[in-house]
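To start, the structure under review is shown below, and the notes come after it.
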Amino acid sequence: MEKIVSLCKRRGFIYPGSEIYGGLTGTWDYGPLGTLLKNNLKNLWWKEMVQLRSDIVGVDAAIMMNPKAWEASGHVEAFTDPLVECKVCHQRFRADKEDEIKKHGKIHGDKEDWTNPQKFNLLVKAYLGIIEEKQQELYLRGEITNGAQVNFKNIVDSTRVKIPFGIAQIGKAFRNEITPGNFTFRSREFEQMEVQFYVKPEAKEADKWFEYWKKNRMDFYLALGIKKENLRFREHEDNERAHYAKKAVDIEYNAPFGWSEFMGIHNRGDFDLRRHQEYSGVDLSYKDKLANESFIPWDIETSAGVDRSILFLLVDAYTQDGERTVLKLNPKLAPYKVAVFPLLANKEELVSQARKIYEDLRQDMMVAWDERGNIGKRYFAQDEAGTPFCITVDFQTLEDKTVTVRDRDSAKQERVNIEDLQKNILEKID
Ligand code: GAP
């Protein structure tokens with residue numbers, strides 16, 4: 001993990017949040033490369049979930065919601081973690097983190113003393129309004145789900161969706177995590193990618209779609225190149241399921257800190273829509289005109305953390321190859337698809353030819369430019385950034401209009417005609 005954290009800072013993937021002020025625990029800022037990587041992941045997810053499907057539509061709901069929505073969804077009452085407090089130094093720990101509690105207890109030796117577990121609500125409060133005494137207390141969303149659920153009726157009324165159908169959303173969520181840590185794994189501000197998939201309220205139908213989404217999500221991460229042996233399913237025990245879930249299965253990743261939750265597939269039944277109907281007084285039933293039926297559908301949810309996906313993609317791609325550190329990211333995810341170098345920075349003919357190639361290629365993809373130091377150092381930097389291909393303009397280029405294209409993973413080079421370059425690279429990164 002130390003190597004990943006250090007590479008992320010060094011190359012501009014992820015920095016500690018508000019670092020120059022000493023940071024803010026549980027927050028992270030994505031740098032130039034991290035932002036590109038994150039956008040690539042979110043775009044791929046959106047393409048697969050919305051663009052290529054006719055049964056899922058997207059929303060982008062407000063982060064701030066009427067606080068009643070959080071009462072209805074059960075978060076005000078039940079979105080809690082059990083917490084114990086060290087009576088000696090008042091540090092707090094999640095009661096289920098036995099190893100951390102044991103480790104901390106040893107610091108105080110004979111004086112070790114703990115409070116009984118208490119429930120601690122994870123919703124982050126905010127205050128809205130310009131007159132202090134009249135400010136409205138609300139919550140930053142603890143999961144992005146509610147924004148989709150409260151728009152169920154709007155979507156049914158304003159689009160042509162028919163059950164079964166899904167609502168997709170990507171956005172920020174906030175949690176007062178007691179013990180943020182393991183880099184971005186447990187943050188207080190993070191991003192989620194979710195689909196709420198509404199099906200007929202029948203156990204058999206729900207089970208069918210639950211299995212479908214389990215496989216669909218596993219296939220997504222395998223197709224991105226995560227090693228099969230590092231992924232597994234784990235079903236939640238009865239006592240660990242969230243308050244809304246009838247059934248929950250996580251996809252876990254074999255992280256350097258142990259098998260850890262990557263994303264979840266949940267059967268939320270009719271919990272959310274029924275509660276929102278009850279608390280809002282608005283009829284949220286679905287009318288199937290053909291079958292002449294009316295029902296509140298069940299929701300099969302897939303919920304993935306963007307930040308956890310990025311972290312595990314980085315961990316999985318990190319490779320030490322002799323002296324070289326290589327991020328073997330899927331080219332579709334790589335922040336830069338190619339880097340272009342003139343062999344020598346002080347030879348005008350090389351620089352202007354390389355500059356032309358750079359300008360042409362960047363019309364279609366993110367392209368890096370480097371003319372500092374020697375070529376070896378430039379390759380080294382691009383390997384760490386996960387750039388799949390490096391193009392070098394050398395003296396032969398001036399004679400025969402070819403350049404070298406070097407492959408990140410094998411370090412092999414081939415000569416390609418400049419006029420074929422665009423096509424050659426586009427084929428390789430698709
Ligand atoms: N809507 C369902 C839901 O929010 P969850 O299991 O609490 O379920 C879903 O969260 C996913 O969101 C997790 O699998 C994880 O990827 C991500 N996630 C949850 N809490 C997180 C945190 N504190 N920091 C980073 N990611 C988090």
Side-chain angles (χ1 to χ4, degrees), residues 14 17 24-28 30 38 41-42 45 59 61 63 65 69-70 73-75 78-81 94 96-97 120-124 139-150 166-197 210 213-214 217-218 220-221 226 231-237 240-253 255 257 259-269 271-273 275 299-315:
I14 305 172
L24 178 69
T25 309
T27 66
W28 299 94
Y30 285 75
K38 211 171 170 204
L41 173 70
K42 289 192 283 185
W45 185 93
V59 292
I63 288 178
M65 299 179 78
W70 296 105
S73 63
H75 285 79
F79 195 45
T80 53
D81 269 347
R94 271 172 59 166
D96 56 347
K97 297 279 164 199
F120 176 80
N121 195 290
L122 299 181
L123 287 176
V124 176
Y139 308 99
L140 298 183
R141 59 187 181 192
E143 55 172 354
I144 62 171
T145 324
N146 258 347
Q149 309 284 14
V150 300
I167 303 180
Q169 184 172 210
I170 300 179
K172 289 267 187 173
F174 305 83
R175 292 185 191 175
N176 245 328
E177 295 286 359
I178 303 161
T179 46
N182 284 329
F183 198 20
T184 58
F185 177 78
R186 182 163 287 111
S187 310
R188 289 184 168 143
E189 175 179 336
F190 55 96
E191 224 170 337
Q192 294 183 309
M193 312 184 279
E194 291 192 344
V195 169
Q196 310 305 320
F197 198 81
F210 194 92
W213 282 114
K214 264 174 64 182
R217 289 301 80 202
M218 183 62 98
F220 177 71
Y221 288 111
I226 295 199
L231 292 169
R232 71 176 187 194
F233 290 115
R234 188 182 72 83
E235 180 154 3
H236 281 211
E237 305 285 339
E240 59 172 327
R241 274 200 302 269
H243 61 279
Y244 50 72
K246 277 172 176 298
K247 185 175 178 183
V249 169
D250 286 342
I251 295 183
E252 291 190 330
Y253 182 76
F257 41 87
W259 284 96
S260 309
E261 177 186 338
F262 194 155
M263 63 157 302
I265 299 108
H266 311 127
N267 177 351
R268 296 177 78 118
F271 178 86
D272 299 84
L273 290 182
R275 294 267 297 203
D299 172 20
I300 308 300
E301 168 189 67
T302 69
S303 177
V306 177
D307 311 80
R308 276 190 199 177
S309 302
I310 296 293
L311 175 61
F312 294 150
L313 282 161
L314 286 171
V315 169

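Just follow the structure's listing: the first ligand is 1, and inside any ligand the first atom is 1. As a basis for the values below, the full set of heavy atoms in this structure was taken, side chains included, without hydrogen atoms, waters or symmetry mates.
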Inset, instruction - Check the side chains of D299 and Q149 for a donor-acceptor pair under 3.5 angstrom, ignoring hydrogens and angles. - result: yes

Inset, instruction - Using a 4.0 Å heavy-atom cut-off, say whether R186 meets ligand 1 through its side chain, its backbone, both or neither. - result: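 Both the backbone and the side chain of R186 come within reach of ligand 1.
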
Inset, instruction - Tell me which part of R268 gets within contact of ligand 1: side chain, backbone, both or neither, using heavy atoms under 4.0 Å. - result: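 For R268, only side-chain atoms sit under 4.0 Å from ligand 1.
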
Polar-atom distance check: [X] versus ligand 1, any N or O pair below 3.5 Å?
X    : result
E177 : yes
G305 : yes
Q192 : yes

Evaluate the side-chain proximity of [Y] to [X]: yes if any heavy-atom separation is below 4.5 Å, no if none is.
X    : Y    : answer
L311 : D307 : no
R186 : R94  : yes
F120 : T80  : no
N146 : W70  : yes

For [atom], closest protein heavy-atom neighbour:
atom                    : result
atom 18 (N) of ligand 1 : F190 CE1, 3.5 Å
atom 3 (C) of ligand 1  : E143 OE1, 3.4 Å
atom 5 (P) of ligand 1  : R175 NH2, 3.9 Å
atom 9 (C) of ligand 1  : S303 OG, 3.1 Å
atom 14 (O) of ligand 1 : E261 OE2, 2.5 Å
atom 24 (N) of ligand 1 : S187 N, 2.9 Å
atom 15 (C) of ligand 1 : R308 NH1, 3.5 Å
atom 25 (C) of ligand 1 : F185 O, 3.1 Å

By number and element, which atoms of ligand 1 are closer than 4.0 Å to a non-hydrogen atom of [X]?
X    : value
M263 : 14 (O)
F262 : 14 (O), 15 (C), 16 (O)
T145 : 1 (N)
E301 : 1 (N), 2 (C)
E194 : 1 (N), 2 (C), 3 (C), 4 (O)

Legend entry - Straight-line distance of T145 OG1 to Q169 CD, nearest 0.5 Å: 8.5 Å

Legend entry - Intermediate values then yes/no, ring-ring contact (aromatic ring centres under 6.0 Å, His included), F185 and F257: CA-CA 10 Å; F185 177 78; F257 41 87; 5.2 Å; yes

Inset, instruction - Identify the residue among Y221, F233, F312 that makes a ring-ring contact (aromatic ring centres under 6.0 Å, His included) with Y253. - result: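 By the ring-ring contact (aromatic ring centres under 6.0 Å, His included) criterion, Y253 pairs with just one of Y221, F233, F312: F312.
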
Inset, instruction - Pick out which of H243, H75, H266 makes a ring-ring contact (aromatic ring centres under 6.0 Å, His included) with F271. - result: H243

So for [X], does at least one of its heavy atoms come nearer than 4.0 angstrom to any atom of ligand 1?
X    : result
Y244 : yes
D307 : no
R188 : no

Legend entry - Donor-acceptor contact below 3.5 Å, side chain R175 vs main chain G142: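 Yes, because the side chain of R175 sits within donor-acceptor range (under 3.5 Å) of the backbone of G142.
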
Legend entry - NZ/NE/NH1/NH2 to OD/OE distance under 4.0 Å, E143 and R268: yes

Inset, instruction - Flag this pair as yes if the NZ/CZ of R234 is under 6.0 angstrom from the six-membered ring centre of W259 and inside a 45 degree cone about the axis; otherwise no. - result: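 Relative to the ring axis of W259, which defines the angle, R234 lies outside at least one limit.
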
Inset, instruction - Compare every heavy atom of E194 with every heavy atom of W45, then report the nearest pair and how far apart it is. - result: CH2-O, 3.3 Å

